[in-house]
Structure formats: C-alpha cells, structure tokens
Protein chains: 2
Amino acid sequence: MPANRDKKRDPHASLALLWGERDQPRRGPKPKLTVAELTGQGIAIADAEGLDAVSMQRLAEAVGVTTMALYRYIPGKSDLVDLMADAVFVDPPTVTGIPGGWRPQLAAWSRACWDRYREHPWLLAAIGMRRQAMGPHQVAWLDAALAALAPTGLSAKQQHDAVILILGHIRSVTQQLLDHDEAGSQEWDRLTADLLDRNSERFPALTRAVAAGAFAPTDDDPLDFGLTCILDGVAALM
Amino acid sequence: MPANRDKKRDPHASLALLWGERDQPRRGPKPKLTVAELTGQGIAIADAEGLDAVSMQRLAEAVGVTTMALYRYIPGKSDLVDLMADAVFVDPPTVTGIPGGWRPQLAAWSRACWDRYREHPWLLAAIGMRRQAMGPHQVAWLDAALAALAPTGLSAKQQHDAVILILGHIRSVTQQLLDHDEAGSQEWDRLTADLLDRNSERFPALTRAVAAGAFAPTDDDPLDFGLTCILDGVAALM
DNA sequence: CAGTTTCTGCGTACTACATACACAGTTCCT
DNA sequence: AGGAACTGTGTATGTAGTACGCAGAAACTG
C-alpha cells in the first residue's frame, strides 16, 4: 500500500489545517481532542512501530476515542501524515551565524536535516506518500537553507536548485540507511552476493568493484561523500 | 500507501524468482501462465493506470484467471512489484564506447536511466515500496555505470558512491516531475504561494527567492543542474 | 497399466484498512 | 426557549492481500 497517491483531496482544507488556519468552532460540545494531540500521538506510534502501524483505528485507540471521531479533526489519513511530517520539522536551524560562509552553513543545515530523518525513520515514506503539501515548518527549513545561499552570487534559480539537490541527497542517504538497518538485510545481502558470484561473468565491472571492496561496510559518514561532491559542484558555479 | 514495508518474505524464494532460478515443475497440469506474462501485464496496467491499479484481482482479471491462481506463480504482491521494477530495466546501455571518457559516459548513462523512470512513472513508487531485492537487469545497469568509472583513478568505494549518488539524483528529479505533473498540482501551488505571501515576514529569504523567480517554471532540463554539480564534484576527487 | 505424487486453478473465507452516513446528545446564539 | 452548529458513536461498505483446502490433470513409480 504503500506508496499510494491520494485520489480526492481538498487542497484548501488540507493546507488550512496544515497551517493552522482553521477557525475555532463556536458552538457544540467541547472537542475532546486537538489536532496537535493527534499529530503527536501519530508521531509517537510511527516512531515506535513504523508508519504502517499508524492506522486510524490504532490512533483512535491511542487517544481514547472511536475511529470515526478522528474525522471530526482531520479530513483523512493523508492529512494526518502531512501534519506528522511537518511537525517533526519544528525548530528549524539558524545557520547564517556559522562562520565560514555558505559552505559550512549548508553543511550544518544538511546535518541537522538529516538528523530529523534519522530520528524519524518513517519520515521518508511519509513524504513519499504524498507530495505538494508543505507545512510551515518545512517551509522554514527551506528558508533557512536559502538564507545561507543568499549572499553568494548565485541566481535565485540556482539557489533553489542547489537546496533541492542537497535535500534529494539527504533523502537518498536516508533511504540507504533504512534499507541497511532493516531486519534481515544481511540475509538479502548474502544471497545477492551469492547470485553475483554465480553470474560474475555477466557483470565484470561490478565483480571487480566488489572484489576491490566497493560494497564492503565502512564506518565512513554516509552523508559526506555526496555532500562534498555537491558542494564542490555548487562552488564551481560561482 | 503507501510506502509499506513487507513483513514476512522469504529472501531465497524471492531472489530465485527474480533471477529466474526456479526449477521447472515436472508433473501436474501445464501451467496456463508464465511469470513473464504476469510481469508484463502488471507493467501494462501500471503504465496505463498507475501502480495503485495493479491489484492481484485486477491482474488476475487481465490474464484471465482467478485471483488466487496468481499465487501459484508468485509468492506475493511484493515479488510482483520486484519483478516489474526489474523488468523495465532490460537492455542496459553500453556507454564505455562513448568518446570523451567517464564524464560523457556517465552523463549518457544517467539520461538513459532517467528515461526509464519517465517511461514508467510508477517505477519510483515501486522501488520505494520495497528495497533489497535487486534483479539481474538492475544489476546490469549498475555494472554499466561502474564500467565507465573503472578507468579513472577513483577507489572502488568512490566509484560505488558516485554511482549511487547519481542514481539518487535521478530519482529525486523524477519525484519532482511526478509531483509537478500530478493532476491539481497547480491548485496546490497557487494556494501555497498564497500562504507564503500571507506569511512573508516569517520567511524572508524564501520570499526574496520567490520574488526573484526561483520557483518560476522554466524549460531548463531538470536533470542537468544536479548532474553537472555532481560530476564536477566527482571530477574534483581525481 | 494402476497407484501415487505433484502440481494446477478455483471457491470460500478471513483480516485489516479507510471512510461514508445517520443519530443522539451538547453547547452556544438569538 | 428554540434552533443551529458541533461532537462522539455505531453501523456499514468497499477494497485490499492472502490463507486454506478441494478436485482434477499430468507425470513418475511399480
């Protein structure tokens, strides 16, 4: 189920919810819950048991109401995931104070961003599950990164592209880490290595690379290689 | 959704299927179908209607059997998706003949890879849905990319990292294109721009970037910026 | 050739999930 | 006081994936 696209969503309602622009109800019984509470519980469940464990029924149980009561607060599950994905990006880093200019600043930003992804392994799937909806916290992160690049001579478009490029790299690395940490990944690796071995003549370059240790586990920083490459490339634009 | 992880899979069976290493049945009725046929039909459905449309029932209907008959050929849906994702990578490019060395060769490889992702928009979700399982065709692509980097002075590890980095970029760009092409994305963009406008003082750098046209649509090649940056960075390693 | 084994396709059934709908009770506004 | 707006709930629907067991078909065994 996975990587499902949403069918019918009301962008206006979804964004209003995400940005906290819904007007308070004036009559009726006091709401037992708040959107923030739901979001927090959703995050707690996802942190503990993964995104798949966050079902409407599970969440309802966690907050002590019936499943359908949740729909009084949230139009649908997609919106819940959006809220969760935005909420974990509270407290965007301020990097413009870091000495050394845009490069160490962007590096620090990247580390901070990557930390969030590592703290919440479900984030990647959550963001992959839906697109468009950027909340205020995610936007604040974007702002922080652009602030670092503002003093450089890059065009606005280049600045934007550079940040998106780095973000893509962070997500890629996160994905790789997830794969690696997954239960049973050793078994998969072993069996795949076996297959490569048995088909080595079909993949000469790969076989040589494997023999040379290209796939051997190291304790290098996973983010570093790509980040350095990208920042080198960005520097070359100036 | 989603982006679900699989619970229980038998790596040995899954990989054997993916690599075509299952032994033929010796008795019993002739099978009405083949795995290749299922894979092809799955791809056809996904191409036409998206990955979500590929359900076991839908596929069974398409090939003219009952749902449960499919399980005689495939352990589960994850394996089907694996097969589909590997099958679209038939005919890996040979780039070592391209003049100019590793750089134009890797660029050509990237374009070819990106083409596959664009021809099958569901590929990204399919690969995001499951990990570990690399099939022979995907491995052949990896081999082709490594072959381009083999003559350089890079270490095996660096070669590997560089290819993975580029692949991550290709996927990121694909993701962005998918978002952009999605129905209703204009509406989301418009509403988000509205929100930014109404909160411009909270995001000064972003507001300036937007004003300077950083988010304006261009007809630049989406892959180019990042690819150039990355290849520049890789060149700097030598 | 008869019996056994192995395999096929099928029907039924179970589970988990998101969510539509209508109802009863609660709070506020007029 | 009465109506409007809003809450939580119970019930129901549709769509998934897939477990299980059966009847018949093909091939191997003696």
Can you give the donor-acceptor pairs under 3.5 Å from side chains of residues 25-37 of chain B to other protein atoms, not counting sequence neighbours?
{"residue": "B/T34", "atom": "OG1", "partner": "B/E37", "partner atom": "N", "Å": "3.0"}

Side-chain donor-acceptor contacts of residues 185-194 of chain A below 3.5 Å, not counting sequence neighbours, with atom names and distances?
{"residue": "A/S185", "atom": "OG", "partner": "A/H180", "partner atom": "O", "Å": "2.9"}
{"residue": "A/E187", "atom": "OE1", "partner": "A/R190", "partner atom": "NH2", "Å": "3.4"}
{"residue": "A/T192", "atom": "OG1", "partner": "A/W188", "partner atom": "O", "Å": "2.7"}

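At a threshold of 4.5 Å between non-hydrogen side-chain atoms, the residues B/Q176 and B/P222 do not count as touching. Within the 4.5 Å cutoff, the side chain of B/R171 has no heavy atoms near those of the A/Q175 side chain. A/W114 has its side chain within reach of A/D221: a pair of non-hydrogen atoms, C-beta onward, lies under 4.5 Å apart. Side-chain contact between B/H169 and B/L223 is present, with heavy atoms from C-beta onward closer than 4.5 Å.
In this structure, B/Y73 atom OH and C/dC7 atom C1' are separated by 10 Å, rounded to whole Å. Going from atom CD1 of A/I74 over to atom P of D/dT7 covers 13 Å, rounded to whole Å. To the nearest angstrom, P of C/dT6 lies 13 Å from CG of B/D23. Note: NZ (A/K32) to P (D/dT7) measures 13 Å, nearest angstrom. Between the P atom of D/dG8 and the CE atom of A/M56 lies a distance of 13 Å, rounded to the nearest Å. If you measure from atom CZ of A/R72 to atom P of C/dA20, you get 12 Å, rounded to the nearest angstrom. The distance from atom CZ of A/R58 to atom P of C/dC17 is 10 Å, rounded to the nearest whole Å. Atom OH in B/Y71 sits roughly 15 Å away from atom P in C/dC10 (whole-Å rounding).
Contact check, A/K77 against C/dA18: a side-chain N or O comes under 4.0 Å of OP1 or OP2. Contact annotation: B/Q57 side-chain N/O to D/dT15 OP1/OP2 distance is not under 4.0 Å.
The end-to-end axis angle of the helix from C/dC1-D/dG30 to C/dT30-D/dA1, rounded to 10 degrees and based on five pairs per end, is 10°.
For B/R116 (side chain) and B/V90 (main-chain N/O), a donor-acceptor pair under 3.5 Å exists by modelled atom type. A donor-acceptor distance shorter than 3.5 angstrom exists from the side chain of A/T207 to the backbone of A/S200, with no hydrogens or angles considered. Under a 3.5 Å cut-off, the side chain of A/D47 and the backbone N or O of A/H120 do not form any donor-acceptor pair.
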N/O to N/O distances under 3.5 Å, protein versus nucleotides 25-30 of chain D:
{"residue": "D/dA26", "atom": "O4'", "partner": "B/G28", "partner atom": "O", "Å": "3.4"}
{"residue": "D/dA27", "atom": "OP1", "partner": "B/K30", "partner atom": "NZ", "Å": "2.9"}

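Residue B/P75 comes nearest to B/L17 through the heavy atom pair CD-CD2, 3.6 Å, listed as atom of the first residue, atom of the second, then distance.
Interface residues of residues 60-69 of chain A facing DNA chain D, ordered by number: A/V65, A/T66, A/M68, A/A69; criterion, heavy-atom separation under 4.0 Å.
In this structure, A/W109 has no side chain to side chain donor-acceptor pair (under 3.5 Å) partners at least two apart in sequence or on a different chain.
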